[in-house]
There are 2 protein chains.
Amino acid sequence: MAQSDTVNRILDAAEVLFAERGFSETSLRMITSKANVNLAAVNYHFGSKNALIQAVFSRFLSPFAKNLEAELKRVSERHTDKPIDIETLLGIVTSCIVMVPAQSKTGVSVFMRLLGLAYTQSQGHLRKYLEQEYSRAFKMFMKHMREATPQLTSVDRFWRIQFMLGTTAFTMSSIEALSDIIENEMQVHSSTEEVVKRLVPFLAAGLQAPLQN
Amino acid sequence: MAQSDTVNRILDAAEVLFAERGFSETSLRMITSKANVNLAAVNYHFGSKNALIQAVFSRFLSPFAKNLEAELKRVSERHTDKPIDIETLLGIVTSCIVMVPAQSKTGVSVFMRLLGLAYTQSQGHLRKYLEQEYSRAFKMFMKHMREATPQLTSVDRFWRIQFMLGTTAFTMSSIEALSDIIENEMQVHSSTEEVVKRLVPFLAAGLQAPLQN
DNA sequence: TGTACATCAGTGAACGCGCGTTCACTGATGTAC
DNA sequence: TGTACATCAGTGAACGCGCGTTCACTGATGTAC
């Protein structure tokens, strides 16, 4: 058994349980029994429950941020004359998200649900951690976003990006339940890819909606 | 002291604390000490913490649902020839939300934040309760929604309504944190009312976005 | 009008329980001489 | 090569604490006769 096996088993179990139940509704005892490790192992390896939460996020956000920075740099080098358009920008983000799970072993929906929870459930420690850890990738994305939507004031742009984030996080976190409902009611099967395809025009249209005064 | 005074003081305190901290992060001891009532009074009047949570929602959702049904009926009687358009429909919903706080004493932002939490934090008991309690208003709204977007297939309409719901719930549940960020970065204050005003055109544009194949 | 009883809002203290965390300890592996 | 020691992952049991809930009780008010 490799040295890091216990650590990874804890992270795998915590990731799934946090996504299913939220942070304060998931106890260390649930995590350690699902992971088949000793209760004290969490505090031994991570120090505290809060530190475990941060580690869960790091494991998928770090590769995502790395992918995103690389991809943004790559594409912008081919767009020296004109800014990257919104559809391309959104495409880059979604493709970078899809690239990650192969590394961290979990599905896209768990990934997205956690992102949603990070916004709605954090008590401060997590938000602070994410802000300082991933500010570079976020700023890079925002720079391109600014160039792609010159017609928006910075306040409008800020809010519309939050709206996009909200739509995505919420939809992805409940995609399983929603797919079941629609399959029951309308006998139509929806894969995550198909939902994302429906999502992108919705987001792009919202982002570029006329401003009202 | 009127008979219902303790009940209302508990509801007032619970409403504010739930909105600030979420449900499982708010203890009955916090609520009763803020309300200046005995700890046992919650279980005496409501029976359990879950029942208190449901009562908090009832106090603002019941008048809202009543407003919404009345307003939808009123407006549709003047639109016998053509269906109500989307902007009007969304306007009705937001105005019905704004009408409520005068009855339940709290601000719109507390109201909206609770709505967001209902989606992101409920453990089942709340979702079931809301579904069966307010299904009539919801179905009525959906009927008008269907008429307002005849160009959409029912599958597309289903997903786009979920997108709208997601955007709203997510934004409202994290509105405080987001308002703080934008106030720090751009020195602009954003009230909930202003955010809702920004949200509506975003949602309307997304809902009516061209379909892609 | 007075008495006995019922009802009900509210109380103070305690209950058992699950929580995150701590601590002394084990046993395997690596390292120095 | 053998011995002494250090390091470190992992363990079992317990810690104190805050939680939702319960219960016997009080005291005020209403009601029947």
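Residue numbers start from 1 in every chain, and the chains themselves are labelled A, B, ... in the order their sequence lines are given, proteins ahead of strands.
Shown here are the salt bridge (Lys or Arg N to Asp or Glu O under 4.0 Å) partners of B/R198, two or more places apart in sequence or in another chain: A/D156. B/S95 pairs by the side-chain contact (heavy atoms from CB on, under 4.5 Å) definition with nothing, not counting sequence neighbours. A search for side-chain hydrogen bond (donor to acceptor under 3.5 Å, both in side chains) contacts involving B/S135 returns nothing, not counting sequence neighbours.
Residue A/D5 contributes atom CG, which lies 16 Å from atom C1' of D/dC8 at whole-angstrom precision. In this structure, B/N36 places its CG atom 16 Å from C1' of C/dG12, rounding to the nearest Å. Note: CG (A/N38) to P (D/dA14) measures 14 Å, nearest angstrom.
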Residues 180-187 of chain A side chain polar contacts: donor-acceptor under 3.5 Å, at least two apart:
residue	atom	partner	partner atom	Å
A/E183	OE1	A/H189	ND1	3.3
A/Q187	NE2	A/N184	O	2.9

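Centroid-to-centroid, the aromatic rings of B/F170 and A/F170 stay 6.0 Å apart or farther.
When all heavy atoms of A/M164 and A/L203 are compared, the pair lying nearest together is CA-CD2, 3.8 Å.
For A/T6, no side-chain nitrogen or oxygen approaches OP1 or OP2 of D/dA9 to under 4.0 Å. Contact annotation: A/H45 side-chain N/O to D/dA9 OP1/OP2 distance is not under 4.0 Å.
Residue B/R160 is tested with B/V155, B/L152, B/T149 for a side chain to side chain contact (heavy atoms under 4.5 Å, CB included); the sole match is B/L152.
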Dot-bracket notation for DNA chain C, counting Watson-Crick and G-U pairs under 3.5 Å, with | for partners on another strand: .||||||||||||||||||||||||||||||||
Per-nucleotide protein contact string for nucleotides 17-23 of chain D (B base, S sugar-phosphate only, - none; heavy atom under 4.0 Å): --BBBBB
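Under the 4.0 Å criterion applied to side-chain N and carboxylate O atoms, A/E71 and A/R74 are assigned as salt-bridge partners.
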